[in-house]
Amino acid sequence: MEKFRFLTSGESHGKCLTAIIEGLPANLEIDIDFINEELKRRQCGYGRGGRMKIESDTVEIMSGVRFGKTLGSPVTLVIKNNDFENWQKVMIADPKNITSDKAFTTFRPGHADYAGSVKYNQKDLRNILERSSARKTAIEVAVGAVAKLFLKQFGITGSSKVLQIGNGKTEEEFRAEIDKAKAAGDTLGGKIEVVYENLPVGLGSFVHWDRTLDGKIAQAVMSVPAVKSVSIGNHHAYKMTGSEYHDEIFCEEGKIIRKTNNAGGIEGGMSNGENIVVTAVMKPIPTLRKPLCSLDCVTLEQTEAHFERSDTCAVEACAVVAEARVACVLADEILLKYGGDCMEECLKHFNN
Ligand code: EPS
């Protein structure tokens, strides 16, 4: 059973995004400026679309925090969607006041539209687009920021970066690749890396498949919208021999050390004290200005996919979201191993 749990709600063009976090100990300092800086990081990045000019994501804390510290009760976070002003007629909840019921009915290959419309029995694909949109990652980053504040108390810090966009491997090449795709009405994916440092040994376990730390991290990162693969450590393992791949163990001045980290900080489903290194591949965004062949979900006629304002590339945002997701997994593991009702108790367990 998880200790750090959260649920989110909210549609892309609805009023707001909300999260309720359960399991945080009392007396954790909550730095709202830090949460907002993390939200800003998610909004930045070359290749983002018009929506990011409308939004300036900031969090409001609705419960669970008093005078800057958690109370041990559920923490509720809210991010307002500025764009709701422009979508009120389309997104209204009350059926008595509908004034705009124009449906969009052509599937975007690669998005949730097709499978979602079958699963939820919808003919207006807006009913699928709204929640499947990556907009919801804003509130997930806010939750991740709270997890990062918790981890910081134990000296654990995280970061992320973009490794590749299209064929580009430098910042300059990223921009050139994005410009080229944008000019062609196309989109681009890429590869990102998340690193967490200063971990204790023994988070996660080998005793059951659903307790492995790498398994939990893989699920958390794989479910970031558009992510298609996740690896831990050296992703060239398939072509290495055992003697090349495995990280030899030494002892220097009474400290266990490794000279390599091909395992990415996880052996046998547990943290081994080295940096946790996660890489992930994001596919290109499926909403294309130059639409692909598709079908109309009502008439089943061959047509062009729906286009609606989108990003050319959101790989930088993907890195920040993945970093937030890993923070949530690690915060949960710390609570499972060293948990308590207040921070003082958790830190006492940890220092023991
Ligand atoms: C996003 C908000 C969305 C998209 C994007 C991510 O806003 P809008 O649809 O109003 O432009 O920009 O979502 C997608 C690309 C997608 O395919 O879901 C955000 O806040 O990150």
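By convention here, the first residue in the shown sequence is residue 1.
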(message) Could you walk me through whether R325 and E140 satisfy the salt bridge (Lys or Arg N to Asp or Glu O under 4.0 Å) test, starting with their C-alpha distance in whole Å, then the side-chain angles of each, then the deciding distance to 0.1 Å, before giving a yes or no?
(response) CA-CA 7 Å; R325 290 274 179 95; E140 292 169 359; 2.7 Å; yes
(request) Determine, stepwise, if the pair K148 / E323 fulfils salt bridge (Lys or Arg N to Asp or Glu O under 4.0 Å). (result) CA-CA 9 Å; K148 283 177 79 174; E323 184 186 319; 2.3 Å; yes
(request) Give the intermediate values and the outcome of side-chain contact (heavy atoms from CB on, under 4.5 Å) for residues T157 and S159. (result) CA-CA 7 Å; T157 54; S159 61; over 6 Å; no
(request) Test side-chain contact (heavy atoms from CB on, under 4.5 Å) on M282 and I192 and set out the steps. (result) CA-CA 8 Å; M282 182 191 194; I192 60 114; 6.0 Å; no
(message) Determine whether R126 and D124 satisfy the following criterion, salt bridge (Lys or Arg N to Asp or Glu O under 4.0 Å), listing intermediate values before the conclusion.
(response) CA-CA 5 Å; R126 176 148 310 284; D124 180 355; 5.4 Å; no
(message) Could you walk me through whether K290 and D186 satisfy the side-chain contact (heavy atoms from CB on, under 4.5 Å) test, starting with their C-alpha distance in whole Å, then the side-chain angles of each, then the deciding distance to 0.1 Å, before giving a yes or no?
(response) CA-CA 6 Å; K290 186 187 69 189; D186 219 327; 3.8 Å; yes
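Tested against N27, the residues E344, E345, K69 include a single side chain to side chain donor-acceptor pair (under 3.5 Å) partner, E344. When each of K136, K40, R42 is tested with D57 by the rule salt bridge (Lys or Arg N to Asp or Glu O under 4.0 Å), just one qualifies, namely R42.
For D179 and Y46, the side-chain atoms include at least one donor-acceptor pair closer than 3.5 Å. For N272 and E267, the side-chain atoms include at least one donor-acceptor pair closer than 3.5 Å. Residues D33 and N36 bring no donor and acceptor atom of their side chains to less than 3.5 Å of each other.
Relative orientation of the F350 and Y338 rings is perpendicular, given thresholds of 30° and 60° on the angle between their planes.
Residues I266 and I217 have side chains in contact (heavy-atom distance under 4.5 Å, counting atoms from C-beta outward). The shortest distance between side-chain heavy atoms of V59 and I32 falls below 4.5 Å. The side-chain heavy atoms of I276 and L330, taken from C-beta on, include a pair separated by under 4.5 Å. Q88 places none of its side-chain heavy atoms less than 4.5 Å from the side chain of N97. Inter-residue side-chain proximity for P25 and F150 is flagged as met; some heavy-atom pair is nearer than 4.5 Å. Put simply, the side chain of D113 does not reach to within 4.5 Å of the side chain of H306, judged on heavy atoms. Side-chain contact between V278 and V230 is present, with heavy atoms from C-beta onward closer than 4.5 Å. Using a 4.5 Å heavy-atom threshold, the side chains of V146 and T70 count as separate.
Checked for salt-bridge contact, K255 and E252 miss the test: no charged N lies under 4.0 Å from a carboxylate O. A salt bridge links E55 with R51; the closest basic N to acidic carboxylate O contact falls under 4.0 Å.
Between the T187 side chain and the I285 main chain, a donor and an acceptor come within less than 3.5 Å of each other. Side-chain N or O atoms of T137 include none that pairs as donor or acceptor with a backbone N or O of C318 at under 3.5 Å. Panel note: side chain K283, backbone G110; a donor-acceptor pair is recorded below 3.5 Å. When atom types are taken as modelled, the side chain of D247 and the backbone of N262 share a donor-acceptor pair closer than 3.5 angstrom. With hydrogens and angles disregarded, a donor-acceptor distance shorter than 3.5 Å links the side chain of E130 to the backbone of S12. Judged by distance alone, the side chain of S271 and the main-chain N or O of G202 form a donor-acceptor pair under 3.5 Å. Within the 3.5 Å criterion, the main-chain N or O of G14 finds a donor-acceptor partner in the side chain of N81. Looking at T76, its side chain never comes within 3.5 Å of a backbone N or O of M62 through a donor-acceptor pair. In this structure, E316 contributes its side chain and V162 its backbone to no donor-acceptor pair below 3.5 Å. A distance-only check finds no donor-acceptor pair linking the side chain of S133 to the backbone of L129 [under 3.5 Å].
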Side-chain atoms of residues 3-10: list all donor-acceptor pairs with protein atoms under 3.5 Å, sequence neighbours left out, distances to 0.1 Å.
unit_1: R5; atom_1: NH2; unit_2: E22; atom_2: OE1; d: 3.4
unit_1: T8; atom_1: OG1; unit_2: R131; atom_2: NH2; d: 2.9

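The minimum heavy-atom distance between T105 and K123, with the atom names listed, is CG2-O, 3.5 Å. Taking all atoms of both residues into account, the shortest heavy-atom contact from T287 to R108 is OG1-NH1, 2.9 Å. Residues L203 and K337 approach most closely at CD2-CD, 4.0 Å, considering heavy atoms. Smallest separation of non-hydrogen atoms from V227 and A280: CG1-CB, 4.1 Å. Nearest heavy atom pair, residue G49 against residue D311, reads N-OD1, 2.5 Å. What you find for A112 and I128 is that their closest heavy atoms are O-CG2, 3.5 Å.
Counting heavy atoms of neighbouring residues, nucleotides and ligands inside a 6.0 Å radius, atom NZ of K152 does not exceed 12 of them. Dense packing is recorded around CZ of R309, with more than 12 heavy atoms of other residues, nucleotides or ligands lying under 6.0 Å away. More than 12 heavy atoms of other residues, nucleotides or ligands shown are found within 6.0 angstrom of CD on Q302. Within a 6.0 Å sphere centred on CG of D341, other residues, nucleotides and ligands contribute 12 heavy atoms or fewer. Other residues, nucleotides and ligands contribute only 12 or fewer heavy atoms inside 6.0 Å of the CG atom of N121. More than 12 heavy atoms of other residues, nucleotides or ligands lie within 6.0 Å of CZ in F104, so this atom counts as buried by the packing criterion. R258 CZ: more than 12 foreign heavy atoms inside a 6.0 Å radius.
Atoms CD and CG, on E333 and L151 in that order, are 11.0 Å from each other to the nearest 0.5 Å. In this structure, the separation between CG on L77 and CD1 on I21 is 4.5 Å, given to the nearest 0.5 Å. For the atom pair OG1 of T212 and CG of D210, the computed distance is 8.0 Å after rounding to the nearest 0.5 Å. Rounded to the nearest 0.5 angstrom, K348 NZ and M343 CE are separated by 14.5 Å. Atom CD1 of I178 and atom CD1 of I165 lie 4.0 Å apart (nearest 0.5 Å). To the nearest 0.5 Å, atom CD1 of residue I257 and atom CD of residue E248 are 11.0 Å apart.
The cluster map of Ile, Leu, Val, Met, Phe, Trp and Tyr, joined by side-chain heavy atoms under 4.5 Å apart, puts F154 and L335 in the same cluster. Linking ILVMFWY residues whenever their side-chain heavy atoms come closer than 4.5 Å, directly or via other members, leaves V78 and I35 in distinct clusters. In the hydrophobic clustering of this structure, V195 does not group with V326; members are Ile, Leu, Val, Met, Phe, Trp, Tyr whose side-chain heavy atoms approach within less than 4.5 Å, directly or through other members. Under a hydrophobic-cluster definition in which Ile, Leu, Val, Met, Phe, Trp and Tyr are linked whenever side-chain heavy atoms come within less than 4.5 Å, directly or via other members, I334 and L347 are assigned to the same cluster. V329 and V277 are assigned to two separate hydrophobic clusters, defined by single-linkage of ILVMFWY side chains at heavy-atom distances under 4.5 Å.
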